[in-house]
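First the proteins, then the strands, lettered A, B, ... as listed; each starts at 1.
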2 protein chains.
Amino acid sequence: MKSEIEVFREFTRKKGLRNTPERETIIKEIFATHDHFDVDELYLRLKNKKKKISKPSIYRLIPHLLESGLIQEAYFEDGHFHYEHIYGHEHHCHLRCLRCGKTIEFQEKPLEKLEGKLAEEYDFSVTGHKLEVFGFCPQCKVDPHVAKVEDAGDPRRQR
Amino acid sequence: MKSEIEVFREFTRKKGLRNTPERETIIKEIFATHDHFDVDELYLRLKNKKKKISKPSIYRLIPHLLESGLIQEAYFEDGHFHYEHIYGHEHHCHLRCLRCGKTIEFQEKPLEKLEGKLAEEYDFSVTGHKLEVFGFCPQCKVDPHVAKVEDAGDPRRQR
DNA sequence: GTCATTGTTGAAAGTGATTATCAATATTCT
DNA sequence: AGAATATTGATAATCACTTTCAACAATGAC
Ligand SMILES: [Mn+2]
Ligand SMILES: [Mn+2]
Ligand SMILES: [Zn+2]
Ligand SMILES: [Zn+2]
């Protein structure tokens, strides 16, 4: 199987883009852990490793990573998107706690069938889907007054 | 069945909030059409009807409308959320064209079962889900070089 | 390898949706 | 009515993200 770096090289070649060490550094960091990430976190992770990558370079790369299928948007929270690398992974969906943000990944079968049905019924060319299931995790449903896990920042949405 | 206004009155009473004519004006406008809306569109619709409601009042109301179950986020596009009223409507999901924004609504059965399964498997209290299916509509998949619908004017979103 | 072309970079400034501030006002409760 | 306090609109602030631009560097042709 091709590495994510090779996939991106092919993508740039095909699209007339250019590959750079900065971009490969970012991609490597994205695939270094399985964590979801946002731009700021990614920027700080790189900074901590003494990689001098500017935020605009990250912002500029993200649309290409989405288009090349290396990453996808995982969810929108705290005023910005959180992403995850998906190349080399099975498609999965998220079950999220509305209170503490705890996220569980799960596979779903029924949706493959649904895509086909929708494609036929509405004459769409279906390329994918995004399913989020919301609720309260075991801790949060039992004791809704306990301190929030992610405290210091309410799950308030802002830009 | 209670009206959306009555639902909101009960909500404010229960939460120690206050109801105001501004809030009822906003809610009535949201339920006046079945269109998806964003804050700016809603503000302009009210303005056109000579209702003097400030944008902050709309922004401040939205979290309450979400919490009371009168509206929900439909999708995030062009840098902001688009909402839809849901009180009095069956739950539905969206099939969206990635190119022109055309949106089709559909009902899905398999997901009710999925919610129950997830609740049991992960001990979550599941409160809801959001499913978006993406692809290209009949027009956009056939001739991907035709002018975008959005270029002509505002894309007619339907419920 | 050299060279021309042109995409990319980082710093800085700009954009725009959303939120905070605050004094005036209005709602709710007693 | 009167006290308590939530809401309003105008305004300023915030902050995620984009644009600008000059220096730089990846790519491909020769
Ligand atoms: Mn994930
Ligand atoms: Mn809808
Ligand atoms: Zn939780
Ligand atoms: Zn389309």
What is the distance, rounded to the nearest whole Å, between atom [atom1] of [X] and atom [atom2] of [N]?
| X | N | atom1 | atom2 | result |
| --- | --- | --- | --- | --- |
| B:His82 | C:dA17 | NE2 | P | 10 Å |
| B:Phe11 | D:dA6 | CZ | P | 15 Å |
| B:Lys55 | C:dA20 | NZ | P | 17 Å |
| A:Tyr43 | D:dC17 | OH | P | 15 Å |
| B:Ile53 | D:dT8 | CD1 | P | 8 Å |
| A:Ile62 | C:dT8 | CD1 | P | 15 Å |
| A:Ile26 | C:dT8 | CD1 | C1' | 11 Å |
| A:Leu61 | D:dC17 | CG | P | 14 Å |

Whether A:His34 and A:His89 hold their rings parallel, tilted or perpendicular, with breakpoints at 30° and 60°: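 Because their plane-to-plane angle is over 60°, the rings of A:His34 and A:His89 count as perpendicular.
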Which residue lies more 5' along DNA chain D, comparing B:Ser57 with B:Gly16 via nearest heavy atoms: B:Gly16
Distance-only donor-acceptor test, A:Arg60 side-chain atoms vs C:dG10 base atoms, 3.5 Å: yes
A:Arg9/A:Glu24 ion pair, N-O < 4.0 Å: yes
Charged N-O contact under 4.0 Å between B:Glu22 and B:Lys51: no
Sidechain-backbone polar pair: A:Arg45 side chain, A:Glu29 backbone, donor-acceptor under 3.5 Å: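 Yes; at least one donor-acceptor contact below 3.5 Å.
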Donor-acceptor pair, side chain of A:Arg23 and main chain of A:Ile58, under 3.5 angstrom: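 A pair under 3.5 Å: no.
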Contact nearer the 5' end of DNA chain C, comparing A:His64 with B:Pro56: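 Comparing both residues, the 5'-ward one is A:His64.
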For B:Phe31, all residues meeting ring pair (Phe, Tyr, Trp, His ring centres under 6.0 Å), sequence neighbours excluded: B:His85
Test ring pair (Phe, Tyr, Trp, His ring centres under 6.0 Å) applied to A:Phe81 - qualifying residues, sequence neighbours left out: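 Once residues adjacent in sequence are excluded, the partners of A:Phe81 under the ring pair (Phe, Tyr, Trp, His ring centres under 6.0 Å) criterion are A:Phe76, B:Phe76.
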Please confirm whether the shortest side-chain N or O distance from [X] to OP1 or OP2 of [N] is below 4.0 Å.
| X | N | result |
| --- | --- | --- |
| B:Arg23 | D:dT8 | yes |
| A:Tyr59 | D:dC17 | yes |
| B:Ser54 | D:dA10 | no |

Detail all sub-3.5 Å separations between protein N/O atoms and N/O atoms belonging to nucleotides 26-30 of chain D.
unit_1, atom_1, unit_2, atom_2, d
D:dA26, O3', A:Asn19, O, 3.3
D:dA26, N3, A:Arg18, NH1, 3.3

